Amino acid sequence: MPHVQVNGTMIYYEMYGSGLPIVFIHDYSTSHHLFAPQTEYFSKRAKVIVFDLRGNGKSGKLDVETSRIIDTQCEDLKELIETLSIDRAVIVASSSGAVLALKYASLYPGRVINLILVDSYFNSDVTALGSKVMNTLEIIAWASHYLPAEMFIRSLRITYNNWLLAYHILKKELIQQRTTELIKQRLALRYTINCIDLLELKMPALYISGDRNNWILEQVKKTASRSPQAQLAVLEDAMYPSHLCQPELFNRLLLDYLKDQQCFQSVNQYG
């Protein structure tokens, strides 16, 4: 399986198809398998790149300071894309992976054709008390990751009873997750999330969310409203990860959006 040496570590990646480059970024509790249905679908229409972030899946260890994790992962992505002889790409990111995608877009705007952010939001309206409560709950949640994965499989099965594809992929990710590195990445989000100014991003973006979690959907709507060139799309009967709950609807939605944005028009310049 392909690994490439970039930025002082080994990054696992897979690349399929030809034409418009589309890079899929998983979140901080999964791996490249999170986009399995999209890889199959879009590899027949574009050049698909999926990879494991440093500290995840089959890639190298997360051996950097917490405050440098997201910047380092951005550098990893830049070097990976350069190694694959790709100049610019569409970036599709899920959940917490959107923080990396936005940071990458802010650092290297000339390398991003379009952003698609799935089940992603940035809540800047949390009160001081609310923040303390959230921090406490977050710490409890982190500690639970050290419990045996088998303890959570039953509840996972109940939650995703209507979306078996999502269940099977998330089950596999749960069993294989790298717990300590997962928590380090969750901590790293705190160093970055408040530094991202969505108003400064002058590029097209599509926010996608499912309708089965009203609170998250409202946060996604608020986040999208802060981006000057953003569009919003809602998938019916879906929750995180909405692209796995409704893969066929998601794939058609993304394809139509890329066509509307004329991303396929000058495919030769993308490498």
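Everything quoted here is computed from the prediction, not taken from an experiment.
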Q: Ignoring hydrogens, what is the shortest heavy-atom contact between Ile153 and Leu174? Give both atom names and the distance.
A: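 Closest approach of Ile153 to Leu174, heavy atoms only: CG1-CD2, 4.3 Å.
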Q: Ignoring hydrogens and angles, state whether a donor on the side chain of Ser29 or Glu173 is under 3.5 Å from an acceptor on the partner side chain.
A: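 Side chains of Ser29 and Glu173: no pair found under 3.5 Å.
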Q: Between the side chains of Asp27 and Tyr240, is a donor N or O closer than 3.5 angstrom to an acceptor N or O?
A: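 Indeed, the side chains of Asp27 and Tyr240 share at least one donor-acceptor pair under 3.5 Å.
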Q: Quick one: which of Gln177, Arg178, Lys184 gives a side-chain hydrogen bond (donor to acceptor under 3.5 Å, both in side chains) with Glu181?
A: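 Exactly one pass, corresponding to Arg178.
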Q: Report the residue from Ser242, Ser94, Ser96 that forms a side-chain hydrogen bond (donor to acceptor under 3.5 Å, both in side chains) with Asp119.
A: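 For Asp119, the side-chain hydrogen bond (donor to acceptor under 3.5 Å, both in side chains) test succeeds with only one of Ser242, Ser94, Ser96, which is Ser242.
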Q: Could you grab the distance from atom CD1 of Ile116 to atom SG of Cys263, nearest 0.5 Å is fine?
A: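 Result: 7.0 Å between the selected atoms.
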Q: So, Tyr104 and Glu75: side-chain donor and acceptor under 3.5 Å apart, yes or no?
A: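 Absent: no donor and acceptor within the cut-off.
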Q: Please report whether the ring centroid of His32 lies less than 6.0 Å from that of Phe51.
A: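 Between His32 and Phe51, which both carry aromatic rings, the centre distance is not below 6.0 Å.
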Q: Would you say the side-chain atoms of Tyr13 and Asp52 include a donor-acceptor pair closer than 3.5 Å?
A: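 Looking only at side-chain atoms, Asp52 and Tyr13 do not form any donor-acceptor pair under 3.5 Å.
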Q: Might you point out which heavy atoms bring Pro204 and Ile113 nearest each other, and give the distance in Å?
A: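 For Pro204 and Ile113, the tightest heavy-atom pair comes out as CD-O, 4.1 Å.
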Q: Quick one: are the ring centres of Trp215 and Tyr121 less than 6.0 Å apart?
A: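 Yes: the rings meet the under 6.0 Å criterion.
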Q: Strictly under 6.0 Å, is that where the ring centroids of His26 and Phe35 end up?
A: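 No - the distance between ring centres of His26 and Phe35 does not fall below the 6.0 Å cut-off.
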